[in-house]
Amino acid sequence: FSSSRDAFESGVLASFALAFASLLGEGQYAGLYGTRGILPVSRQLRQLNQHHHHHRYWATSSSFSSSSFLARTRTTLAMMRETGNYNCAWLARVFSPAVESYETFMEGVLWVGLMMALFGVVGGGGRKTYHFAALVWMYGSMVDIGDAFMSFQWDVLLLECGIGCAIGAAVFPRDGTFADDAAYAWIPRAILYKLMLMSGCVKIQSHCKTWLNLTALEYHFATQPLPNGFSRLIANGTSPRFKRIGVALTYLVEGPLAFLIIAPTKMARRGACLAQILFQVGIMLSGNYAYFNLLTIVLAMAIFAGEERKMVEETTSTAKTKNKEKKESKNAKNNEEEEEEEEEEEKYAGTLEKNKAKALPVLQHSMAMIGTHLSLLFFIICTVNMFAPGKDGVKL
């Protein structure tokens with residue numbers, strides 16, 4: 001990827017495509033939310049409508065069924081505004097007042113979302129704000145009606161990343177400089193920082209003895225959503241001490257190391273992102289969490305891409321500046337008037353520029369080293385404090 005923006009947007013669009021495809025694959029949507037499913041869409045919307053005491057808006061009304069397309073649109077939009085629920089499933093009432101149309105309409109929404117996500121992955125549509133906003137609205141509608149089946153951390157993370165892409169597309173122009181890309185990189189950086197810090201905090205704040213005593217991996221591999229072949233191998237082939245070390249490393253990556261994601265220096269941030277990538281790869285080998293781990297890796301890779309591009313741009317601009325100075329010096333030698341002007345300017349500004357040229361790199365290097373060592377010191381202090389002896393085990 002040429003920039004953090006390309007890495008972030010491509011990864012988020014690919015995750016949206018996987019999310020929509022997973023609901024469409026093997027009849028999952030029909031089994032969960034179809035007319036004969038576990039949680040039919042029509043039944044959920046009817047309950048929501050009755051909860052808000054807006055019975056007059058329900059689609060079985062004969063007056064509503066016989067009204068015009070424009071009248072149905074106005075009534076539906078009014079209902080969405082009054083109930084405060086903007087689920088796109090309500091729009092099925094506009095095209096067909098029949099109750100059965102909700103399930104068919106939402107399945108069509110899944111196909112539209114899948115096509116839009118794939119279209120964006122290949123670079124189509126310019127990846128504008130409305131592109132990501134539409135994906136967030138469609139998938140958010142599925143999460144809204146998904147109830148317990150879609151109330152997981154990866155669903156929320158995907159929506160957060162989609163909103164981040166929409167904001168980034170609105171704030172930062174597509175033809176921006178590497179300085180804009182460095183600023184854009186703070187969007188995935190902030191999301192990854194929040195994700196890791198909250199993941200670590202919730203384990204400690206739950207006051208679960210298995211987590212506090214570092215024994216969670218004794219049960220994790222048998223209780224995770226979708227174990228794979230390596231899950232049984234790791235669960236049965238590793239010692240309790242090794243599993244305790246695994247829990248401790250989880251705390252480090254999701255706790256103190258999370259602060260290094262927003263560290264003031266590039267070296268600390270890149271080290272933290274590399275640790276996050278390796279951590280997610282390890283989770284993927286030991287269990288199946290759909291697109292959650294892939295999306296987390298995308299966040300870390302987007303930060304990497306921004307750092308790398310900044311280095312390349314700075315090196316390229318420095319080389320161009322040196323080449324330009326060489327050409328100017330050669331032209332100046334062939335022109336006596338230019339030499340005289342340069343000599344006069346150097347008399348007034350030469351000494352000051354030389355001092356700045358010497359002092360600035362030293363100051364920048366010193367500040368970078370101070371920031372790096374303070375970040376690492378903070379990481380060490382947090383780590384020691386987290387695992388300090390106490391009656392409750394690991395503490396926040």
Side-chain angles (χ1 to χ4, degrees), residues 152-154 156-157 160 188-225 227-228 230-231 233-235 237-265 267-289 292-301 303-304 372-396:
F152 295 100
Q153 191 178 22
W154 46 81
V156 177
L157 178 62
E160 289 177 347
R189 191 175 298 151
I191 295 175
L192 182 62
Y193 166 69
K194 189 230 32 154
L195 172 66
M196 288 296 109
L197 188 62
M198 291 182 66
S199 298
C201 287
V202 72
K203 292 178 175 61
I204 301 176
Q205 291 179 326
S206 64
H207 300 292
C208 177
K209 293 183 179 180
T210 58
W211 279 108
L212 296 179
N213 297 329
L214 306 181
T215 58
L217 287 184
E218 295 287 344
Y219 317 96
H220 165 74
F221 298 106
T223 58
Q224 61 180 328
N228 58 23
F230 283 103
S231 302
L233 181 64
I234 297 174
T238 55
S239 63
R241 179 178 296 180
F242 181 83
K243 294 173 183 175
R244 289 172 66 88
I245 294 174
V247 178
L249 290 176
T250 301
Y251 275 124
L252 289 180
V253 174
E254 295 182 350
L257 197 61
F259 288 98
L260 297 185
I261 297 174
I262 57 171
T265 57
M267 185 181 75
R269 292 195 298 265
R270 295 182 70 189
C273 290
L274 180 60
Q276 298 295 343
I277 292 172
L278 294 176
F279 179 62
Q280 296 302 321
V281 170
I283 296 176
M284 291 172 65
L285 292 176
S286 62
N288 184 353
Y289 290 84
F292 180 62
N293 305 115
L294 293 175
L295 191 53
T296 308
I297 292 175
V298 165
L299 292 170
M301 290 298 296
I303 302 171
F304 255 112
T372 300
H373 285 89
L374 286 177
S375 302
L376 294 176
L377 180 62
F378 180 72
F379 169 75
I380 293 171
I381 292 174
C382 289
T383 303
V384 172
N385 182 67
M386 179 179 284
F387 295 104
K391 63 178 181 178
D392 295 327
V394 178
K395 60 182 181 298
L396 189 63

Qualifying residues under ring pair (Phe, Tyr, Trp, His ring centres under 6.0 Å), relative to Tyr219, sequence neighbours excluded: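 Testing Tyr219 for ring pair (Phe, Tyr, Trp, His ring centres under 6.0 Å), a comparison that skips the adjacent residues, returns none.
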Euclidean distance, [Y] [atom2] relative to [X] [atom1], rounded to 0.5 Å:
X	Y	atom1	atom2	answer
Phe259	Leu257	CZ	CG	11.0 Å
Phe279	Asn293	CZ	CG	9.0 Å
Leu157	Thr296	CG	OG1	5.5 Å
Leu212	His207	CG	NE2	8.0 Å
Trp154	Leu195	CH2	CG	12.5 Å
His220	Ile283	NE2	CD1	7.5 Å

Qualifying residues under side chain to side chain donor-acceptor pair (under 3.5 Å), relative to Lys194, sequence neighbours excluded: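 Per chain and number, Lys194 pairs via side chain to side chain donor-acceptor pair (under 3.5 Å) with Glu160.
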Results of side chain to side chain donor-acceptor pair (under 3.5 Å) for Gln153 - residues two or more places apart only: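 Scan of Gln153 (side chain to side chain donor-acceptor pair (under 3.5 Å), adjacent residues dropped) gives Ser199.
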Any donor-acceptor N/O pair, Thr215 side chain to Thr210 backbone, under 3.5 Å: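 Yes, the answer is positive, given that a donor and an acceptor are paired below the 3.5 Å cut-off.
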Donor-acceptor contact present, side-chain Ser286 to main-chain Ser231, <3.5 Å: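 Looks like no, no N/O pair under 3.5 Å.
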For the residue pair [X] and [Y], what are the closest heavy atoms and their distance?
X	Y	result
Leu294	Met284	CD2-CE, 3.6 Å
Met196	Ala258	CB-CB, 3.8 Å
Ala268	Ala263	CB-CB, 3.6 Å
Gly255	Leu197	O-CD1, 4.3 Å

Any Leu299 side-chain heavy atom under 4.5 Å of Gln276 side chain: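 Leu299 vs Gln276: side chains apart.
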When the side chains of residues 240-251 are checked against the rest of the protein, which donor-acceptor pairs come out under 3.5 Å, sequence neighbours left out?
from	atom 1	to	atom 2	distance (Å)
Lys243	NZ	Ala235	O	2.7
Arg244	NH1	Asn213	O	2.9
Thr250	OG1	Gly246	O	2.9
Tyr251	OH	Trp211	O	3.0

Geometric class of the Tyr289/Phe292 ring pair [parallel <30°, tilted 30-60°, perpendicular >60°]: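 Aromatic pair Phe292/Tyr289 classed tilted.
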Pro256: partners by side-chain contact (heavy atoms from CB on, under 4.5 Å), with sequence neighbours left out: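 Phe379, Cys382, Thr383, Met386.
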Salt bridge (charged side-chain N to carboxylate O under 4.0 Å, His left out) contacts touching residues 250-259 (sequence neighbours left out):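 Qualifying pairs: Lys203-Glu254.
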